[in-house]
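Both backbone and side-chain heavy atoms feed into the values below; hydrogens, waters and symmetry mates do not.
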Amino acid sequence: MMMSRSHGKREREIDRISELPEPLIHHIFSFLPIKSVVSTSVLSTKWRYIWTSIPSIDLRVWKSTSTNPCTSIYQEEVNRFMGFVDRLLSNRHDVHSPSIQKFCLYFDTYFDISRVKGWISTVLQHKVEELAFMDHKGIEFPACLFTCESLTVLEIYKSFHELPESVNFPKLKILRLNVSLYDEHLIQKLLSNSPILEELSLDVRFCNIQYLSICGSNLKRVFFNGPLCWDFNIHIDAPNLQSFRYSRVLANDFVLHNFSTLLAAEIVLSNTAPTDSRGRDELGCLARKLFGSLSYVKHLTISDYSLKLLSYQNHFLTNLPSFYYLTHLEVTSASLYFGYNCRDEGNLPRWIVGILLDFLHISPNLKSLVFAEGFSHSESNINYSWSADFLPQCLLLHLKSIEFRGFFWNEFEKDLVRFLMKNSKVLERVRITVSGRSVLSTSSNYRKKVVNDILLFPVGSGKCNIHIS
């Protein structure tokens, strides 16, 4: 018994975390905020300096306690932060010092430019693979940044006026830019000198630019978070594209090649810009151009306003190609996507259902349908009905799963669930999530109330399971 207790005590005294290999400790650190990593220095003598050799350094979370950057408190905190970064990189000044795999930095107008450039030069010397900069100062990056042969991921948030003469990213696979763009040729120059680039993410504010060209034979993912302005043209040539996202307002024109390898697409169009003078026919034609290149897609997310713009095109069902490969469709609201959420009931407008049913006629093989939000209460005085005389083929032959998220279980939503359950002949699963903002959700037996309603609905399929949450 005494030997057993003694053995147990020794087991408890062993510091098993400190016995882990340093690369594994560094890997654990990569999931922690930098402050938490530094705080580990108090654990033991061994841990005192281990944070100074971490290969992943993410400094984007720095934020002053002062809301006014003009105060002395703000500048003092900036100085302390710069001193911390100096100490963090102090043992990284030669090529034999600990490697830096990832470096992320936020800095603004109150940071010392020379010190920031020195930090960047230090990490570039260590064959850094991932870089992310949030530049609110508008500094001119060292020219060697744009010829870094080790970079695989580059993320920049800043204003771009020009690039150095020499640009070369032989290993770059992911490029994310949140930029104000003053020269339409900058993006082309970056892409043409990144021969194996696979992912391009653009959140762009155009400044007197009328044309944007995105071309790359190796591009697999293009995420375009468009500007609030619309008077520019977009050309995309990516024959191996697999994932595509386009949001904000419609461009002035699109030149898009068919994406025959496309797996997933997300088209979340918002209302047109305040200065937009284009008519319904022109907007409908542009929406048709955008969607016409996506006919090979398998998973599609579409916003309410995207559907509305499509309906502006007369006979849009005959003007669009059929989406034969589409198996999963999700309908969402542009208002929630862009951050202006409705506070009373859902964000989806009721008028989209008729347009959606039309779109299902050109999606004959759809298997899964999702309504990402509940429906608005503000249109309750308008009468809506849907005809079952000419049902989409997918309802009759292929649709197996329907999900309704954030429902309030109002009369309109009940009618929609009733209509789809009655006319979907091979339906296997219906999932309904009641919104936490619904009055119904405050009841302990809300599931029973929903189920009791559904039991009275006619069901077109004999093997449909209902899930309520």
Side-chain angles (χ1 to χ4, degrees), residues 291 295 297-304 306-308 310-311 315-318 320-333 346 348-376 379-380 382-434 447 449-469:
F291 277 91
S295 60
V297 71
K298 294 176 175 61
H299 290 235
L300 175 64
T301 297
I302 186 171
S303 70
D304 48 0
S306 303
L307 285 167
K308 186 174 185 178
L310 277 178
S311 70
H315 310 293
F316 82 87
L317 294 183
T318 58
L320 277 176
S322 290
F323 287 67
Y324 289 111
Y325 302 92
L326 183 62
T327 59
H328 176 86
L329 176 63
E330 182 170 328
V331 183
T332 188
S333 167
L348 285 175
R350 302 182 176 191
W351 47 258
I352 70 162
V353 175
I355 306 173
L356 174 64
L357 290 173
D358 286 340
F359 189 81
L360 295 185
H361 279 287
I362 57 174
S363 309
N365 298 307
L366 190 70
K367 294 181 180 179
S368 173
L369 176 63
V370 175
F371 295 90
E373 300 146 57
F375 282 82
S376 172
E379 303 166 289
S380 58
I382 303 176
N383 183 35
Y384 291 91
S385 62
W386 314 293
S387 172
D389 296 335
F390 182 45
L391 291 172
Q393 179 179 318
C394 63
L395 294 187
L396 300 173
L397 300 176
H398 299 288
L399 190 64
K400 294 182 178 181
S401 173
I402 308 178
E403 184 173 356
F404 305 92
R405 300 175 187 163
F407 265 33
F408 293 81
W409 207 236
N410 54 46
E411 291 303 318
F412 177 85
E413 293 171 343
K414 292 179 186 178
D415 288 342
L416 176 60
V417 174
R418 182 187 294 111
F419 176 84
L420 291 174
M421 289 186 64
K422 177 183 178 181
N423 295 291
S424 300
K425 303 304 181 182
V426 296
L427 195 61
E428 296 179 359
R429 189 189 77 156
V430 172
R431 179 179 292 276
I432 300 173
T433 305
V434 178
R447 287 188 180 89
K449 292 182 178 181
V450 175
V451 170
N452 286 342
D453 286 335
I454 292 179
L455 288 175
L456 300 176
F457 294 171
V459 181
S461 170
K463 55 177 183 179
C464 182
N465 294 316
I466 311 295
H467 303 267
I468 313 295
S469 62

Any side-chain heavy atom of [X] within less than 4.5 Å of one from [Y]?
X	Y	value
Arg350	Asn410	yes
Pro458	Arg418	yes
Ile302	Glu330	no
Val426	Ser461	no
Ile468	Ile454	yes
Ile466	Phe457	no
Ser295	Tyr324	no
Leu307	Val331	yes

What heavy-atom pair brings [X] and [Y] nearest, and what distance separates the two atoms?
X	Y	value
Cys464	Val430	SG-CG2, 3.7 Å
Ser333	Asp304	OG-OD2, 3.5 Å
Ser363	Leu326	OG-CD2, 3.7 Å

Counting neighbours of [atom1] on [X] that are heavy atoms of other residues, nucleotides or ligands and sit closer than 6.0 Å, is the number greater than 12?
X	atom1	value
Lys422	NZ	no
Lys425	NZ	yes
Lys414	NZ	yes
Tyr325	OH	no

Stepwise side chain to side chain contact (heavy atoms under 4.5 Å, CB included) check, His328 with Val370: CA-CA 8 Å; His328 176 86; Val370 175; 3.6 Å; yes

How long is the span from the [atom1] atom in [X] to the [atom2] atom in [Y], to the nearest 0.5 Å?
X	Y	atom1	atom2	value
Ile402	Arg431	CD1	CZ	13.5 Å
Phe359	Ser306	CZ	OG	10.0 Å
Leu369	Cys394	CG	SG	8.0 Å
Glu411	Asp415	CD	CG	6.5 Å
His361	Phe390	NE2	CZ	5.0 Å
Leu399	Asn365	CG	CG	11.5 Å

Verdict with supporting geometry, Asp358 and Leu310, side chain to side chain contact (heavy atoms under 4.5 Å, CB included): CA-CA 11 Å; Asp358 286 340; Leu310 277 178; over 6 Å; no

Centroid-centroid under 6.0 Å between Phe291 and Phe323 rings: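 No, they do not, as the ring centres are separated by 6.0 Å or more.
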
Aromatic ring proximity, centroids under 6.0 angstrom, Phe412 and Trp386: yes

Evaluation steps, side chain to side chain contact (heavy atoms under 4.5 Å, CB included), between Leu356 and Leu329: CA-CA 10 Å; Leu356 174 64; Leu329 176 63; 3.7 Å; yes

Residue that, paired with Phe407, satisfies side-chain contact (heavy atoms from CB on, under 4.5 Å) out of Leu348, Val417, Thr433, Val434: Val417

Distance-only side-chain donor-acceptor flag, Thr332 / Glu373, under 3.5 Å: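 The answer is yes; a qualifying pair exists.
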
Polar side-chain atom of Glu413 near backbone of Phe408 as donor-acceptor pair, under 3.5 Å: yes

Full working for side chain to side chain contact (heavy atoms under 4.5 Å, CB included) between Arg429 and Glu403: CA-CA 8 Å; Arg429 189 189 77 156; Glu403 184 173 356; 4.2 Å; yes

